[in-house]
Amino acid sequence: MNLPVPSANAGVHLRFRDEVGPDDRQTVRALVESTGFFNPAEVDVAVELVDENLAKGAERSGYHFLFAELDGRTVGYACFGPIAGTQSSYDLFWIAVDARYQGRRIGQALLAESERRVVHAGGSRIYIETSHRQQYVSTRAFYFRSGYHQEAILRDFYAPGDDKVIYVKVAGS
């Protein structure tokens, strides 16, 4: 699927792919590292989800990937999946855009396409977790602008003074 992406370069089109290949281990690592937001253990977790998908497939692993490509280069990705034990709730586990491509609405396009796929799969609610640290102010604003509302704050979840914020959106809204 190709979509126009607003940028300084008119006519640039974003292509989505959902097939995961072995090279995506390094692709995901590079994307997540480029943001400067995640520590090495968190980066490893992002790569582990790729490994789970490669080993078991999307349906059995529960990890669905969506990669955004511009001119054949992967510039962002999202990972989402159904929440075990729920009827129709989904988690957005990861969304990351290469730091060099941020500000071009690629994250917004990835989120919208992920939401569309969740709805198509029968999902009714989408949950996102993030840190409450100052570094994540723009991340939290992105979710708010995208129609998510804050559902909960878990104090000192990640570390003392680093709360977890949980956002939710009714799918399709």
Side-chain angles (χ1 to χ4, degrees), residues 1-6 13-21 24-25 27-29 31-32 35 37-38 42-43 45-70 74-98 101-132 136 138-154 157-158 164-173:
M1 167 185 269
N2 293 319
L3 296 173
V5 176
H13 290 273
L14 185 64
R15 179 183 172 275
F16 290 119
R17 71 174 168 88
D18 54 14
E19 307 84 27
V20 179
D24 289 320
R25 296 181 84 253
T27 299
V28 165
R29 180 175 297 283
L31 286 169
V32 173
T35 68
F37 276 52
F38 304 103
E42 292 168 321
V43 173
V45 168
V47 175
E48 287 172 14
L49 302 189
V50 174
D51 289 338
E52 282 289 310
N53 177 286
L54 288 169
K56 299 177 181 176
E59 294 308 316
R60 284 187 46 231
S61 70
Y63 301 119
H64 299 264
F65 284 82
L66 185 63
F67 296 93
E69 298 177 340
L70 281 175
T74 304
V75 296
Y77 91 102
C79 177
F80 56 92
I83 301 173
T86 69
Q87 185 175 10
S88 59
S89 294
Y90 276 68
D91 270 326
L92 178 70
F93 300 109
W94 287 92
I95 187 166
V97 174
D98 185 309
Y101 292 87
Q102 291 179 3
R104 298 185 190 187
R105 301 174 59 100
I106 294 168
Q108 185 177 31
L110 271 166
L111 184 58
E113 181 62 16
S114 296
E115 291 171 353
R116 188 189 72 73
R117 291 174 184 226
V118 166
V119 169
H120 182 75
S124 63
R125 296 174 76 79
I126 303 168
Y127 292 87
I128 299 173
E129 302 172 2
T130 192
S131 172
H132 199 259
Y136 289 86
S138 63
T139 302
R140 295 190 305 272
F142 167 73
Y143 295 137
F144 180 75
R145 283 190 314 272
S146 299
Y148 287 79
H149 72 272
Q150 181 179 303
E151 187 75 7
I153 294 180
L154 305 180
F157 182 86
Y158 297 108
K164 178 198 287 192
V165 184
I166 301 171
Y167 290 90
V168 65
K169 181 177 184 180
V170 174
S173 64

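One-based numbering along the sequence shown.
- Rounding to the nearest 0.5 angstrom, the gap separating the OG1 atom in T27 from the CD atom in E69 is 9.0 Å.
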> Checking side-chain contact (heavy atoms from CB on, under 4.5 Å) for the pair V50/V20: CA distance, chi angles, key distance, verdict?
Replying inline: CA-CA 7 Å; V50 174; V20 179; 3.8 Å; yes
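- Judged as a side chain to side chain donor-acceptor pair (under 3.5 Å), and not counting sequence neighbours, the contacts of S131 are D162.
- By the side chain to side chain donor-acceptor pair (under 3.5 Å) test, S124 pairs with S88, sequence neighbours left out.
- Take Y90 and apply the ring-ring contact (aromatic ring centres under 6.0 Å, His included) test, not counting sequence neighbours, and it matches no residue.
- Residue H132 holds its NE2 atom at 4.5 Å from CD1 of I153, rounded to the nearest 0.5 Å.
- Contact detail for A109 and L14: the closest heavy-atom pair is CB-CD2, 3.6 Å.
- If you run side-chain contact (heavy atoms from CB on, under 4.5 Å) between I106 and each of V75, L111, I95, only V75 comes through.
- Pairs passing the salt bridge (charged side-chain N to carboxylate O under 4.0 Å, His left out) check and including a residue from residues 79-93, sequence neighbours excluded, do not occur.
- Within the 4.5 Å cutoff, side-chain heavy atoms of R25 are placed close to those of D51.
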>> Between T74 and R17, is the side-chain contact (heavy atoms from CB on, under 4.5 Å) condition met? List the steps.
In response: CA-CA 10 Å; T74 304; R17 71 174 168 88; 3.6 Å; yes
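- Across all their heavy atoms, A171 and G123 have their closest contact at CB-O, 3.5 Å.
- For Q108, the side chain to side chain donor-acceptor pair (under 3.5 Å) partners are R105, not counting sequence neighbours.
- Counting heavy atoms from C-beta outward, V165 and E129 have side chains that stay 4.5 Å or more apart.
- Interatomic distance, CG of L92 versus CD1 of I128, reported as 4.5 Å (0.5 Å rounding).
- In this structure, E19 places its CD atom where more than 12 heavy-atom neighbours from other residues, nucleotides or ligands lie under 6.0 Å away.
- Under the side chain to side chain donor-acceptor pair (under 3.5 Å) criterion, E59 pairs with no residue, sequence neighbours left out.
- Nearest heavy-atom pair, T35 versus A96, reported as atom, atom and distance to 0.1 Å: CG2-CB, 4.3 Å.
- Annotation: side chain to side chain donor-acceptor pair (under 3.5 Å) contacts involving residues 138-148, sequence neighbours excluded, comprise E115-Y148.
- Residues R104 and V97 are not in side-chain contact: their nearest non-hydrogen atoms beyond the backbone lie 4.5 Å or more apart.
- Side-chain contact between Y167 and E151: absent, with no pair of heavy atoms (C-beta onward) separated by less than 4.5 Å.
- Legend: residues meeting ring-ring contact (aromatic ring centres under 6.0 Å, His included) with F67, ordered by chain and number and at least two apart, are F65.
- R125 places none of its side-chain heavy atoms less than 4.5 Å from the side chain of T86.
- Legend: residues meeting ring-ring contact (aromatic ring centres under 6.0 Å, His included) with H64, ordered by chain and number and at least two apart, are F80.
- W94 and F38 have their aromatic ring centers within a separation under 6.0 angstrom.
- At most 12 heavy atoms of other shown residues, nucleotides or ligands fall within 6.0 angstrom of atom NE2 in H120.
- Here Y63 contributes atom OH and L49 contributes atom CG; the two are 5.0 Å apart, rounded to the nearest 0.5 Å.
- When all heavy atoms of G76 and L110 are compared, the closest pair comes out as C-CD1, 3.7 Å.
- K56 meets the side chain to side chain contact (heavy atoms under 4.5 Å, CB included) test with E52, R60, S61; sequence neighbours excluded.
- Residues meeting the salt bridge (charged side-chain N to carboxylate O under 4.0 Å, His left out) test with D98, sequence neighbours left out: R73, R100.
- When side chains are defined from C-beta on, L70 counts as touching Y101, because their heavy atoms get closer than 4.5 Å.
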>> With side-chain contact (heavy atoms from CB on, under 4.5 Å) as the criterion, how do V32 and Y77 come out once you've worked through the C-alpha distance, each side chain's angles and the decisive distance to 0.1 Å?
In response: CA-CA 9 Å; V32 173; Y77 91 102; 3.7 Å; yes
>> Run V168 and H149 through side-chain contact (heavy atoms from CB on, under 4.5 Å) and show every step you take.
In response: CA-CA 6 Å; V168 65; H149 72 272; 3.2 Å; yes
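- Qualifying ring-ring contact (aromatic ring centres under 6.0 Å, His included) partners for Y127, counting only residues two or more places apart in sequence or in other chains: none.
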